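In what follows, a structure is listed as structure tokens, so that the remarks can point back to it.
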Amino acid sequence: MKFKPLHDRVLVRRIEQESKTAGGIIIPDTAKEKPIEGEVLAIGSGICDESGKVRPLDVKVGDRIVFGKWSGTEVKVEGEELLILKESDIFGILAA
């Protein structure tokens, strides 16, 4: 990956949800909601605190995260649609 986020930014690939319900009904693309789960692809170096020290981010590359439906900025990197979030837009890390 040739993209490195700055400061407290995180580069995320959305994880698509199932297109079929438990009962077998197929959900069309027009009725699907934006995924709120993603995989962290790259992270910035961290954010400076009041004393000037850089605090590293709580997430790391490879983490599976949950974020707000309308959070972040969509970008195209190497032909792939990705999302740039601030660390504060991330609600939590999903346990494996």
Side-chain angles (χ1 to χ4, degrees):
M1 175 83 32
K2 297 178 184 177
F3 184 86
K4 171 111 171 101
L6 298 177
H7 308 294
D8 67 334
R9 304 285 194 300
V10 179
L11 185 66
V12 174
R13 175 187 298 127
R14 288 185 190 266
I15 298 174
E16 295 295 326
Q17 304 298 318
E18 288 290 321
S19 60
K20 191 190 300 187
T21 65
I25 298 171
I26 297 174
I27 302 168
D29 288 339
T30 54
K32 287 183 186 176
E33 293 195 13
K34 284 186 169 188
I36 59 168
E37 291 181 24
E39 177 188 1
V40 176
L41 300 178
I43 61 172
S45 58
I47 191 162
C48 288
D49 61 14
E50 295 82 28
S51 65
K53 293 182 182 175
V54 176
R55 182 190 61 84
L57 301 181
D58 292 328
V59 296
K60 62 185 181 304
V61 174
D63 281 348
R64 199 167 166 163
I65 60 168
V66 176
F67 50 88
K69 188 185 299 187
W70 305 108
S71 298
T73 302
E74 294 179 349
V75 295
K76 197 171 222 176
V77 177
E78 297 178 359
E80 186 177 8
E81 294 282 337
L82 302 173
L83 193 62
I84 298 176
L85 301 169
K86 291 185 84 160
E87 183 184 35
S88 60
D89 291 335
I90 298 172
F91 297 147
I93 301 169
L94 294 170

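Fair warning: this is a prediction, and the values are worked out from it, not measured in the lab.
Atoms CG and OG, from L6 and S45 in turn, are 7.5 Å apart once rounded to the nearest 0.5 Å. Atoms CG and CG, on L85 and D8 in that order, are 10.5 Å from each other to the nearest 0.5 Å.
Note on V10: it does not cluster hydrophobically with I47, by side-chain heavy-atom contacts below 4.5 Å among ILVMFWY residues. In the hydrophobic cluster analysis, where Ile, Leu, Val, Met, Phe, Trp and Tyr join through side-chain heavy atoms closer than 4.5 angstrom, L83 is grouped together with I93. The hydrophobic clustering, which links ILVMFWY residues whose side-chain heavy atoms are closer than 4.5 Å, places F3 and L41 together.
Residues F91 and F67 approach most closely at CE1-C, 3.5 Å, considering heavy atoms. Closest approach of L57 and R9 over heavy atoms only: CD1-O, 4.0 Å. The shortest non-hydrogen separation linking C48 to G52 is SG-O, 4.1 Å.
Here the side chains of V12 and L82 are not in contact, with every heavy-atom distance at 4.5 Å or above. I65 places a side-chain heavy atom less than 4.5 Å from the side chain of V59.
Here the side chain of E87 pairs a donor or acceptor atom with the backbone of D58 at under 3.5 angstrom. At least one donor-acceptor pair under 3.5 Å links the side chain of K4 to the backbone N or O of I43. Formation of a donor-acceptor pair under 3.5 Å by the D49 side chain with backbone atoms of S51 is found in this model.
Each of R13, R64, K69, R14 was checked for a salt bridge (Lys or Arg N to Asp or Glu O under 4.0 Å) with E37, and the lone residue meeting it is R64.
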Please assess K86 against D89 for the test salt bridge (Lys or Arg N to Asp or Glu O under 4.0 Å), listing each intermediate value before the final yes or no. CA-CA 5 Å; K86 291 185 84 160; D89 291 335; over 6 Å; no

